[in-house]
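These notes concern the structure reproduced below.
Atoms within a ligand are numbered from 1 in the order they appear, just like the ligands themselves. If you're wondering where the values come from, they're calculated on a predicted model, not measured in any experiment. No hydrogens, no waters, no symmetry mates; every other heavy atom, side chains included, goes into these values.
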Amino acid sequence: MTQPKKSVQTALIHSDYTAPPGFAAFPTAIHHASTVLFKDVASLRSRNWQDKNAYTYGLHGTPTTFTLEARLAAIEGGNHCLLAPSGLAAIAMVDLALLRTGDDVLIPDNVYNPNREMGRWLEKDFGITARFYDPLIGAGIAELIQPNTRLIWTEAPGSVSMEVPDVPAICAVARGRREQGQDILVAIDNTWAAGLAFPAFDHGVDIVMQALTKYQSGGSDVLMGAVITRDKALIHRIEMAHMRLGMGVSADDAYLVMRGLPTMKMRFEAHDAGARKVAAWLKQRPEIATVLHPAFEDCPGHDIWKRDFTGAGGLFSVIFDERYSEAQTDAFIDSLRLFKIGYSWGGANSLCVPYRMQAMRWHWPHQGQLVRFNIGLEAPDDLIADIEQALAGLAS
Ligand SMILES: *Cc1c(COP(=O)(O)O)cnc(C)c1O
């Protein structure tokens with residue numbers, strides 16, 4: 001039977017041509033889709049959106065996003081992964097999946113500040129208590145856990161003040177409560193270690209969150225987050241929030257993140273080496289009171305970092321000597337040339353940001369100004385020379 005001849009208007013939309021099969025190349029293909037096609041009604045009726053061996057709708061996954069999820073789970077030592085449009089969206093998804101009115105969540109006092117804001121919002125408008133704990137509390141977390149505590153957030157280390165928490169001790173306490181029948185889980189914001197320098201699942205964590213915006217992307221050009229678990233039932237709980245909230249990511253963005261993965265470990269090691277060199281130089285400067293870098297002894301939790309971590313990365317902070325005012329350290333940052341001023345990290349460019357710690361923390365022991373450095377991939381000696389010329393301005 002011959003097909004009726006199509007008008008141009010229809011031919012613009014329907015084409016009989018399909019490219020030959022058998023194309024092979026290294027990059028994962030970018031599949032753009034809202035609508036996903038079913039071959040017949042029976043397959044439409046039988047497919048389940050939660051089945052990662054089938055496709056139902058762009059929001060629930062394409063070959064591009066499934067491939068990125070599988071690769072991230074493998075890097076982290078987990079089994080299941082969900083993508084979110086930003087790291088913060090991934091944090092919110094975990095909270096909304098696991099917390100209900102009347103529940104309690106524990107959050108470290110040094111947490112990524114928007115996570116703190118999320119906790120405050122849960123408390124103000126959702127009838128969930130959010131309590132902030134000393135990041136160095138370790139096994140002392142036991143005294144804070146209530147019968148209604150459902151979730152303990154950790155961040156290792158806190159990405160501004162750099163205290164390294166005893167995550168295994170916190171997880172051991174939570175596991176003990178679980179064995180007594182309490183529904184309580186431990187989540188980690190593992191962005192600092194990129195899933196490379198801290199094997200969170202091996203240390204007992206239930207849920208890993210990553211801001212892929214940082215090292216995974218490496219390009220300072222994309223926002224994305226991920227939630228990873230080992231446990232299938234747990235990822236299904238989080239997947240319900242993922243579906244209900246409509247947490248889609250664009251195929252182009254997923255591709256950009258994937259493009260960064262092959263070089264991530266080498267970039268991370270280069271950031272790490274550069275940061276240690278710059279931090280060591282800063283440590284012997286009279287303008288600097290304290291270097292907050294987990295690999296340095298001044299850093300609270302340094303012994304835990306040595307015990308549990310295999311590397312560091314490019315991020316650290318310094319506390320200036322008390323004699324320098326905020327206006328002076330602001331002028332220091334303004335006079336840097338290679339270091340740019342801006343949030344985020346994990347890209348090739350070095351960045352520098354001041355933080356007002358007294359306003360961010362319940363308890364903050366230092367008087368001097370805190371300045372955070374993100375060491376990019378420039379030659380460390382050039383970065384040191386840049387800091388040196390900016391410090392020279394500070395003295396005058
Ligand atoms: C950047 C960051 C996030 C959030 O990631 P976005 O993609 O910017 O929302 C969360 N946690 C930490 C530690 C981060 O550095």
| message | Do T191 and D189 pair up side chain to side chain, a donor and an acceptor below 3.5 Å, judged on atom types alone? | response | yes
Table please: side-chain donor-acceptor pairs of residues 224-233 below 3.5 Å, with sequence neighbours left out.
residue, atom, partner, partner atom, Å
T229, OG1, D231, O, 2.9
R230, NE, G77, O, 2.8
R230, NH2, G77, O, 3.1
R230, NH2, D202, OD1, 2.9
D231, OD2, A233, N, 3.3
D231, OD2, L234, N, 2.8

| note | Under 4.0 Å from one or more heavy atoms of W345, ligand 1 contributes atoms 15 (O)
| query | Near E155, which atoms of ligand 1 are under 4.0 Å from a heavy atom of that residue? | reply | 13 (C)
Nearest protein heavy atom with distance in Å, relative to [atom]:
atom: atom 7 (O) of ligand 1; answer: T213 OG1, 2.6 Å
atom: atom 4 (C) of ligand 1; answer: Y112 OH, 3.3 Å
atom: atom 2 (C) of ligand 1; answer: K214 NZ, 2.4 Å

| request: Look at the side chain of K340 and the backbone N and O of R337, then say whether any donor-acceptor pair between them is shorter than 3.5 Å. | output: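 Side chain of K340 to backbone of R337: a pair is present.
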| Quick one: are the ring centres of W121 and F126 less than 6.0 Å apart? |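 Centroid distance W121-F126: below 6.0 Å, so yes.
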| query | Once the angle between the rings of H302 and W305 is folded into 0 to 90°, is it parallel (under 30°), tilted (30 to 60°) or perpendicular (over 60°)? | reply |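 H302 vs W305 ring planes: parallel.
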| request: Using distance alone, decide if ligand 1 has a nitrogen or oxygen within less than 3.5 Å of any nitrogen or oxygen in L88. | output: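 Right, the criterion is met.
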| message | Side chain or backbone, does G87 bring an N or O within less than 3.5 Å of an N or O on ligand 1? | response | yes
| query | Of all residues at least two apart in sequence or in a different chain, which pass the ring pair (Phe, Tyr, Trp, His ring centres under 6.0 Å) check with H293? | reply |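 Result, ring pair (Phe, Tyr, Trp, His ring centres under 6.0 Å) vs H293: F296, F316.
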| message | My understanding is that we take every heavy atom of each candidate and find the minimum distance to atom 13 (C) of ligand 1. Doing that for D189, N374, N115, L223, which one comes out nearest? | response |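 Going through D189, N374, N115, L223 one by one, D189 has the nearest heavy atom to atom 13 (C) of ligand 1.
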